[in-house]
Amino acid sequence: VTLPAQVAPGNRVYGPHGTTDVFMVDNKNAVLHTWTGAGNPGNGVYLEPDGVLVRAYNIAGGPNVGGRGGGFQRLAFDSTVLWDYQVANAQQWAHHDHALLPNGNIIVIVWDRLTTAEAIAAGRDPALIDRLRACFHEIRDGLGLHKSPALYGAFPVDPYSHTPGF
């Protein structure tokens with residue numbers, strides 16, 4: 001396999017929110033290459049050793065949570081879609097990141113929509129479900145959205161982008 005000259009040590013790939021593009025830049029942030037894919041990128045964009053880009057992308061709809069993704073693509077250097085896979089339905093939704101495995105597969109975090117009763121029936125400890133729910137709210141509250149200026153000295157300018165419902 002002959003790799004494009006842009007695929008070199010020190011160059012980086014990233015997919016900014018608000019665009020369908022993923023960029024490869026050098027150490028001076030000069031854009032060396034651009035891939036265009038479906039949907040706004042998730043947070044995961046990775047370059048495989050053969051120069052193929054693997055990217056997560058956001059599919060509209062789904063759970064109103066930070067980290068929502070739904071789709072994954074492998075793009076050739078010319079942006080040809082080599083593979084597109086979606087986990088985005090009423091019962092499951094993929095996270096916005098993934099990891100490349102040595103065998104060429106990817107691994108993703110997927111939310112399963114379960115009622116509390118279904119989760120308990122599947123073997124979840126009811127106390128753990130409650131602790132996770134309380135922990136989320138504690139973290140959410142800890143971001144300063146519901147704290148007084150006397151406690152933190154100032155209000156945040158805008159809420160953390162991964163906080164749902166704001």
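The figures here come from the full heavy-atom set of this structure, side chains too, leaving out hydrogens, waters and symmetry mates. Only a predicted model underlies this, so the values are computations on that prediction, with no experimental measurement involved.
Side-chain heavy atoms closer than 4.5 Å link hydrophobic residues (I, L, V, M, F, W, Y) into clusters, and following such links, possibly through other members, connects Met24 to Leu53. Hydrophobic cluster membership differs between Ile129 and Val110, with clusters built from Ile, Leu, Val, Met, Phe, Trp and Tyr side chains linked at under 4.5 angstrom. Linking Ile, Leu, Val, Met, Phe, Trp and Tyr whenever their side-chain heavy atoms come within less than 4.5 Å puts Tyr85 and Leu100 in one cluster.
One distance of note links CG of Asn27 with CG of Asn11; it measures 6.5 Å at 0.5 Å rounding. Atom NE2 of residue His96 and atom CG of residue Asn58 lie 9.5 Å apart, to the nearest 0.5 angstrom. Considering CG of Asp112 and CD of Gln92, their distance stands at 4.5 Å, rounded to 0.5 Å. Separating the CG atom in Leu32 from the CZ atom in Arg12 is a distance of 9.5 Å, to the nearest 0.5 Å. Of the inter-residue distances, the one linking Asp21 atom CG with Thr34 atom OG1 reads 6.0 Å to the nearest 0.5 angstrom. Taking OG1 of Thr116 as the start and CZ of Arg124 as the end, the distance is 12.5 Å to the nearest 0.5 Å.
Taking the six-membered ring for Trp and the full ring otherwise, the centers of Tyr46 and His98 sit less than 6.0 Å from each other.
Using a distance-only test at 3.5 Å, with no hydrogens or angles considered, no donor-acceptor pair links the side chain of Trp93 to the main chain of Val87.
Here the shortest heavy-atom pairing between Asp97 and Val108 reads O-CG1, 4.0 Å. Summarising the geometry of Ser79 relative to Thr36, their closest heavy-atom pair is OG-N, 3.0 Å, with the distance given to 0.1 Å. Considering all non-hydrogen atoms of both residues, Val45 and Val22 come closest at CG1-CG2, 3.8 Å. In terms of heavy atoms, Tyr57 sits closest to Phe72 at CE2-N, 3.5 Å.
Partners of His95 according to the ring-ring contact (aromatic ring centres under 6.0 Å, His included) rule, which considers only residues two or more places apart in sequence or in another chain, are Trp111. Residues meeting the side-chain contact (heavy atoms from CB on, under 4.5 Å) test with Pro16, sequence neighbours left out: Tyr14, Thr19, Phe23.
Residue pairs that meet the salt bridge (Lys or Arg N to Asp or Glu O under 4.0 Å) test with at least one member in residues 69-86, sequence neighbours left out, are Glu48-Arg74.
Ring geometry for His33 against Trp35 counts as perpendicular: the plane angle is over 60°, on a 0 to 90° scale with 30° as the lower cut.
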* Could you walk me through whether Arg55 and Leu75 pass the side chain to side chain contact (heavy atoms under 4.5 Å, CB included) check? -> CA-CA 8 Å; Arg55 70 186 290 269; Leu75 300 176; 3.6 Å; yes
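Inter-residue side-chain proximity for Ile59 and Gln86 is flagged as met; some heavy-atom pair is nearer than 4.5 Å.
Side-chain polar atoms of Arg113 and Gln91 form no donor-acceptor pair below 3.5 angstrom.
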